[in-house]
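Working notes, structure below.
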Number of protein chains: 4
Amino acid sequence: MAAPARKKPVKRRRSPIQSRGQATVDVIVEAAAQILARQGPAAATTNAVAARAGVSIGTLYQYFADREALLVEIGRRHVAEMQAVLAGALAGIDGLDLPAAVDRLVAAIVASHRVSPRLHQALHQSLARDHLDTIDAFEVAVEAMVRQALAARPELDLAAPELTATVLVRGLGGLIRTTIRREPERLDDPALAIAMRAMILGTLAGSRRGA
Amino acid sequence: MAAPARKKPVKRRRSPIQSRGQATVDVIVEAAAQILARQGPAAATTNAVAARAGVSIGTLYQYFADREALLVEIGRRHVAEMQAVLAGALAGIDGLDLPAAVDRLVAAIVASHRVSPRLHQALHQSLARDHLDTIDAFEVAVEAMVRQALAARPELDLAAPELTATVLVRGLGGLIRTTIRREPERLDDPALAIAMRAMILGTLAGSRRGA
Amino acid sequence: MAAPARKKPVKRRRSPIQSRGQATVDVIVEAAAQILARQGPAAATTNAVAARAGVSIGTLYQYFADREALLVEIGRRHVAEMQAVLAGALAGIDGLDLPAAVDRLVAAIVASHRVSPRLHQALHQSLARDHLDTIDAFEVAVEAMVRQALAARPELDLAAPELTATVLVRGLGGLIRTTIRREPERLDDPALAIAMRAMILGTLAGSRRGA
Amino acid sequence: MAAPARKKPVKRRRSPIQSRGQATVDVIVEAAAQILARQGPAAATTNAVAARAGVSIGTLYQYFADREALLVEIGRRHVAEMQAVLAGALAGIDGLDLPAAVDRLVAAIVASHRVSPRLHQALHQSLARDHLDTIDAFEVAVEAMVRQALAARPELDLAAPELTATVLVRGLGGLIRTTIRREPERLDDPALAIAMRAMILGTLAGSRRGA
DNA sequence: AATGAATGAGTTTTCATTCAT
DNA sequence: CATGAATGAAAACTCATTCAT
């Protein structure tokens, strides 16, 4: 059920001992993320990153064994940020009734995808297959969360709650990413949110044990 | 409604009307597609492509202005192939009742995504942003098709048929692509097809004018 | 009895098809050998070699997979040249009586070591352990030759002819190389040749079955 | 008679008279020697040396002006060690008769070459031409010693005692080093020691004034 | 004295692309 | 049209060395 997972370990290098080093790492990662988001993967050469970070190329390699390690670190931080946004937008959802909870979920997932969508896509394009799980981690987490939420509502009477969670989350995620890529402005259209709610509620209804 | 779309034109070179040239183009495109699918974007250098095609690098540039043009052509053919598979799997769907039609649709979309999924992903990773619409064309076409199909069934009484089509198609597509990438073997699981049907039918029911 | 020999194969690249390519290879190899001999291993960067050869760096890598492959090729040619000189200087040795033959041999080995001694040493310094056998090949060949020559003179009555050959050749070679490195001008000293003859004849006499 | 010898001076930094500094120097030198011997010249970067020595890179440069200075110091110590082994193995040789003395000498030279042969070779490969005399110093000393020993035995009646010493020592040294590099295990073969004795005694006999 | 973060010139190597034959 | 030798800008990465703390 799990993915192949022969991911070769990401080679980090010197974990900074002094606080100065930590600041440098941040500067580098942010510079790289910016270039990636604004100019795309091809522009994010290690030299360009170092230059924009205001750091020498040697310094970059003090902290990252190679370009891929830098990309992975960006991915990790990006996922963490998305998760933070999601968690924030999801606060207090437990007390809500189903329709309200679904609205919250939709809003939360959309909000989390608004975090640097260009970076998100650039990471998808530049990470090696071995490391794509770094960004997949976000959706994996969301799936777990939704799975749990569905389990907590037995009144939904789902035939296969876990599968339903998977289908919902992946479907929703794909929909949002495709829309961001092809029609970014449309993400603000309230009609879309309504349609997504309809999709979720409908899917839940259609996934009942009896159906 | 559409994306920014300042796509720089794809420079193709002499369109070979003669059969000899056509054959050469085919050989090149197939060689490139194979490398892309089997070894990934990084391995698909123009020299490697020419070598595998059994053609000199000069000949490659006789037919393609640059590497990107070659990638775009591969994308076009890949999309055409997916569409062909889709069309084949969809034959006779018009006469079916809704549940049967939905099953057909699910099967058809899944089938079309089985066409070189590795190539599909490689294209996603290697095409420049300007040219991603080449592969997006597939889903655009499916959306149009589904939009039409929904319009032909007024008894569904949809509040926003076009939007529902969009949501369904993009959601389904994203779900399938994510699953292929992360759990490829799961695509064969009949439970998944059932869940997808539930999602579609549920979404249609949940998108009624009254809901 | 043989060396470990897990030598990783030398990656050559395109063997030139056109004669132009062969000429290019020659130019590159000669440029590299010159830099190596005159300025030492550190100066023989691939860029410096390409520049001196009047060729672009890309061309160098068309013919040599990496720097090491170039070094190995230089080594091969150097050894071939040494062997050619040796063979030339050894012509007609078979008919001579022992003292005359020994003189010839000494002169021949000395002469072969006069072929680019600086290059010889630079190769010793720059070749990876895996590839040192490339230049060792010369002495291996000389050992074989001398072994055969000793075998052809049973009147020498050697207790261990093969070992004697080994000792003689390696001793002689080391003596010559050390002398070249530390007192190059001394190689012209006739007294040295006389001393080497004494060493050889003495060693042969001292290695008799009875001794 | 000597080599060109325009050796640029080895810049050492503060000679640490205090024991703390001396200990640090020792640690650094030993770390470097170990890396050199085990992993070869390429692995012996200054940073790697400092790391293995458990010292900061800054400290390394406190004691050595540059990498070359460190290498030279390693060379000096290595030579000292070889000489110590040689001296130890040679103790009491003066009282022996010729054959016994020769056996002693052979054993002693072999023993001294067993001191870190990998390091010996690594030094040969990494020292700049200007500093090769650092390790050549060993053989220079041996030559002096043998020259003296031969002078002390006028009964040998040598035509050119000094030259004979040179030829013997360099030949022997080259033979041993070549054998170590190409067939290390053979150094333990008693037959080789016998052959070397034959070579020495034979050479002495063949180098008589009358010969 | 010791530290270790930072430097950046310099190295190897790749690969899309051109053009003389 | 086809060939393939040649190009060279540019990429990733290394490592000896410096210097502020």
Side-chain angles (χ1 to χ4, degrees), chain A residues 13-14 16-25 42 44-51 54-68 70, chain B residues 13-14 16 18 20-21 24 42-51 55-70, chain C residues 13-14 16-25 42 44-51 54-68 70, chain D residues 13-14 16 18 20-21 24 42-51 55-70:
Chain A
R13 212 158 255 192
R14 189 178 312 271
I17 300 178
Q18 308 175 1
S19 65
R20 177 159 60 130
Q22 185 54 55
T24 303
V25 168
T45 69
T46 51
N47 283 295
V49 168
V55 170
S56 84
I57 181 65
T59 297
L60 189 156
Y61 278 95
Q62 289 265 342
Y63 296 106
F64 300 96
D66 51 28
R67 198 181 102 107
E68 187 76 13
L70 172 57
Chain B
R13 237 156 229 192
R14 64 193 73 244
Q18 319 85 336
R20 180 153 65 122
T24 304
T45 69
T46 50
N47 283 289
V49 168
V55 172
S56 82
I57 181 65
T59 297
L60 188 156
Y61 278 90
Q62 206 87 47
Y63 294 105
F64 298 95
D66 52 27
R67 198 183 105 109
E68 188 75 13
L70 172 57
Chain C
R13 212 158 254 192
R14 189 178 311 272
I17 301 177
Q18 306 175 2
S19 66
R20 177 161 60 132
Q22 185 53 56
T24 303
V25 168
T45 70
T46 51
N47 282 295
V49 168
V55 170
S56 84
I57 181 65
T59 297
L60 188 156
Y61 279 94
Q62 288 267 341
Y63 297 105
F64 300 96
D66 51 29
R67 198 182 103 107
E68 187 76 14
L70 172 57
Chain D
R13 234 155 231 195
R14 65 194 72 245
Q18 320 85 338
R20 181 151 64 122
T24 304
T45 69
T46 51
N47 282 289
V49 168
V55 173
S56 81
I57 181 66
T59 298
L60 189 155
Y61 278 91
Q62 206 87 48
Y63 295 105
F64 299 95
D66 53 26
R67 197 182 105 107
E68 189 74 13
L70 171 57

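Bear in mind that the values here come from a model prediction, so they are computed numbers and not experimental data. Here is how names work: the chains are called A, B, and so on, in the same order as the sequence lines, proteins then strands, and each is numbered from 1.
Using a 4.0 Å heavy-atom cutoff across all strands shown, C:T45 reaches sugar-phosphate atoms only and no base atom. A:N47 comes within 4.0 angstrom of a nucleotide base, judged by non-hydrogen atoms across all strands. Among the heavy atoms of the strands lying under 4.0 Å from B:T46 is at least one base atom, whether or not backbone atoms are also near.
Considering only side-chain N and O atoms, D:S56 lies under 4.0 angstrom from the phosphate OP1 or OP2 of E:dT3. Residue B:Y61 places at least one side-chain N or O under 4.0 Å from the OP1 or OP2 atom of E:dT17. Close to F:dA6, at under 4.0 Å from its OP1 or OP2, lies a side-chain N or O of C:Y63. Within the 4.0 Å cut-off from OP1 or OP2 of E:dT7, at least one side-chain nitrogen or oxygen of A:T59 is found. Put simply, A:T24 has a side-chain N or O that comes within less than 4.0 Å of OP1 or OP2 on E:dA6.
Across the interface with DNA chain E, nearest-nucleotide mapping of D:V55 and A:G54 shows D:V55 to be the residue nearer the 5′ end. Along DNA chain E, the nucleotide nearest to B:A44 and the one nearest to C:A44 differ in position, and the one closer to the 5' end is contacted by C:A44. Nearest-nucleotide mapping onto DNA chain F: of D:G58 and A:I57, the residue sitting toward the 5' end is A:I57.
Remark: the D:Q62 side chain and the E:dA1 base include no donor-acceptor N/O pair separated by less than 3.5 Å.
At a threshold of 4.5 Å between non-hydrogen side-chain atoms, the residues A:L70 and A:Y63 do not count as touching.
To the nearest angstrom, P of F:dC13 lies 10 Å from CG of A:L70. Atom CD in C:E68 sits about 15 Å away from atom C1' in E:dT13, given to the nearest Å. Distance, B:L60 CG to E:dC19 C1': 16 Å, rounded to whole Å. Look at CZ on D:R67: it is 12 Å from C1' on F:dT14, rounded to the nearest Å.
The minimum heavy-atom distance between B:A69 and B:A65, with the atom names listed, is CB-N, 4.1 Å. The two atoms that bring C:Y61 and C:D66 nearest to each other are CE2-CA, 3.9 Å, heavy atoms only. The minimum heavy-atom distance between A:A50 and A:L60, with the atom names listed, is N-CD1, 4.1 Å. Pairing each heavy atom of A:T46 with each of A:R67, the nearest pair is CG2-CG, 3.8 Å.
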With both pairing distances under 3.5 angstrom for Watson-Crick or G-U wobble, and | for a partner in another strand, the correct string for DNA chain F is .||||||||||||||||||||
